[in-house]
Amino acid sequence: MNFSPQLIALGEYLAGEFDNREQAIEEPVWYVHLRMWQRPVNLFTEDSITLFAEQASVINLDKPYRQRIMRLRQGSNSDTSLEVQYYIPQDPDALRGAGNNPALLNTLTPEQLDLLPGCVLTVTHEALAGDRYKFTATPQPETRCSFTYLGNSIYVSLGFETTAAEFHSYDKGIDPETGKATWGAIMGPYRYTKRNQYSIR
């Protein structure tokens with residue numbers, strides 16, 4: 001399948017190693033210094049660019065968490081829109097550390113993932129100078145991103161903005177009882193800077 005220039009750009013912008021060092025120094029009360037990996041994986045290649053994502057506190061890089069799969073593809077509503085469908089590994093421990101050790105992803109198959117039906121983002125783009133873009137990903141209307149993890153019901157509000165150099169994460173964990181955010185981008189987005197680029201081809 002021929003991917004649109006926008007889909008390829010989105011994949012390239014998201015693929016890489018990131019951290020929020022500057023933000024963590026400026027606002028240490030609100031933002032932990034994190035490293036995040038978004039590794040291309042050889043899944044759903046017929047119509048998608050797919051990434052494995054995880055993150056870790058810089059002081060505990062050997063204890064990464066929030067393993068997830070992001071499947072990037074053309075949107076179903078129009079030729080110009082894009083969407084991100086999230087999946088969760090059935091055995092997160094088997095992939096723990098794969099951000100920094102991508103060989104762990106070589107045997108990953110779709111059968112080892114659980115689809116998260118409500119966890120879909122619609123991605124719009126704004127053209128910048130020099131064939132660059134700014135992408136904004138927001139939840140689809142009337143959807144709720146929820147799933148069960150380690151026996152607990154998890155509700156997450158997802159969203160991001162990205163350019164070639166930066167990734168801003170709006171992901172928040174939501175208390176299903178109160179509807180209030182309990183972790184993540186409570187005081188505004190986590191502002192990551194790309195430190196290393198990974199190839200999506």
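- By the side chain to side chain donor-acceptor pair (under 3.5 Å) test, Y31 pairs with no residue at all, sequence neighbours left out.
- Residues L82 and Q6 have side chains in contact (heavy-atom distance under 4.5 Å, counting atoms from C-beta outward).
- Remark: K134 NZ is loosely packed, at most 12 non-hydrogen atoms of other residues, nucleotides or ligands lying under 6.0 Å away.
- Of all heavy-atom pairs spanning Y13 and T163, the tightest one is CD2-C, 3.5 Å.
- Considering all non-hydrogen atoms of both residues, L158 and C119 come closest at CD1-CB, 4.0 Å.
- For A53 against Q38, the heavy-atom pair with the smallest separation is CB-CG, 3.9 Å.
- Residues A185 and S169 share a closest heavy-atom pair of CB-O, 3.5 Å.
- By the side-chain contact (heavy atoms from CB on, under 4.5 Å) test, T178 is found to be paired with D175, K180, residues two or more places apart in sequence or in another chain being considered.
- Every residue meeting the side-chain contact (heavy atoms from CB on, under 4.5 Å) condition with R195, not counting sequence neighbours, appears here in chain and number order: D19, R21, E22, T193.
- Annotation for N196: atom CG counts as buried by contact number, over 12 foreign heavy atoms lying within 6.0 Å.
- A salt bridge between R35 and E54 is absent, with no side-chain N of the basic residue lying under 4.0 Å from a carboxylate O of the acidic one.
- Atom CH2 of W30 is surrounded by 12 or fewer heavy atoms from other residues, nucleotides or ligands within 6.0 Å.
- Closest heavy-atom contact between A181 and I186: CB-CG1, 3.8 Å.
- Under the side-chain contact (heavy atoms from CB on, under 4.5 Å) test applied with L7, the options N2, V123, I49 reduce to a single match, I49.
- The hydrophobic cluster containing Y170 does not contain L14, counting ILVMFWY residues as joined when their side-chain heavy atoms lie under 4.5 angstrom apart, directly or transitively.
- Of all heavy-atom pairs between Q67 and P92, the closest is OE1-CB, 4.0 Å.
- With contacts defined as side-chain heavy-atom distances shorter than 4.5 Å, the pair W37/Y198 qualifies.
- For R96 and D91, the salt-bridge test fails: no basic side-chain N is under 4.0 Å from an acidic carboxylate O.
- In this structure the side chain of Y190 never reaches within 4.5 angstrom of the side chain of H168, judged on heavy atoms.
- When the side chains of ILVMFWY residues are joined at heavy-atom separations under 4.5 Å, either directly or via intervening members, I200 and Y86 end up in a single hydrophobic cluster.
- For the residue pair S48 / R71, a side-chain donor-acceptor distance below 3.5 Å is found, with atom types taken as modelled.
- Residues W183 and K172 form no side-chain contact, since every pair of their non-hydrogen atoms from C-beta on lies 4.5 Å or further apart.
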Checklist entry - Run the salt bridge (Lys or Arg N to Asp or Glu O under 4.0 Å) check on R191 and E166 step by step: do they pass? => result CA-CA 7 Å; R191 301 191 303 271; E166 294 192 335; over 6 Å; no

Checklist entry - Would R68 and Y87 satisfy side chain to side chain donor-acceptor pair (under 3.5 Å), going step by step from the backbone distance to the final call? => result CA-CA 6 Å; R68 55 209 181 273; Y87 297 73; over 6 Å; no

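- Side chain to side chain, S81 and Q74 fail the donor-acceptor criterion of an N or O pair below 3.5 Å.
- Results of the side-chain contact (heavy atoms from CB on, under 4.5 Å) test with L51 over L72, I69, V41 single out L72 as the only residue that passes.
- For the pair F160 and D171, the minimum side-chain heavy-atom distance is 4.5 Å or more.
- Within the 4.5 Å cutoff, side-chain heavy atoms of L95 are placed close to those of L108.
- Using bins of under 30°, 30° to 60° and over 60° for the plane-to-plane angle, the ring pair H125/Y133 lands in the perpendicular bin.
- Between E17 and K194 there is no salt bridge, since no side-chain N of the basic residue sits under 4.0 Å from a carboxylate O of the acidic one.
- The closest side-chain heavy-atom distance from F44 to P110 is below 4.5 Å.
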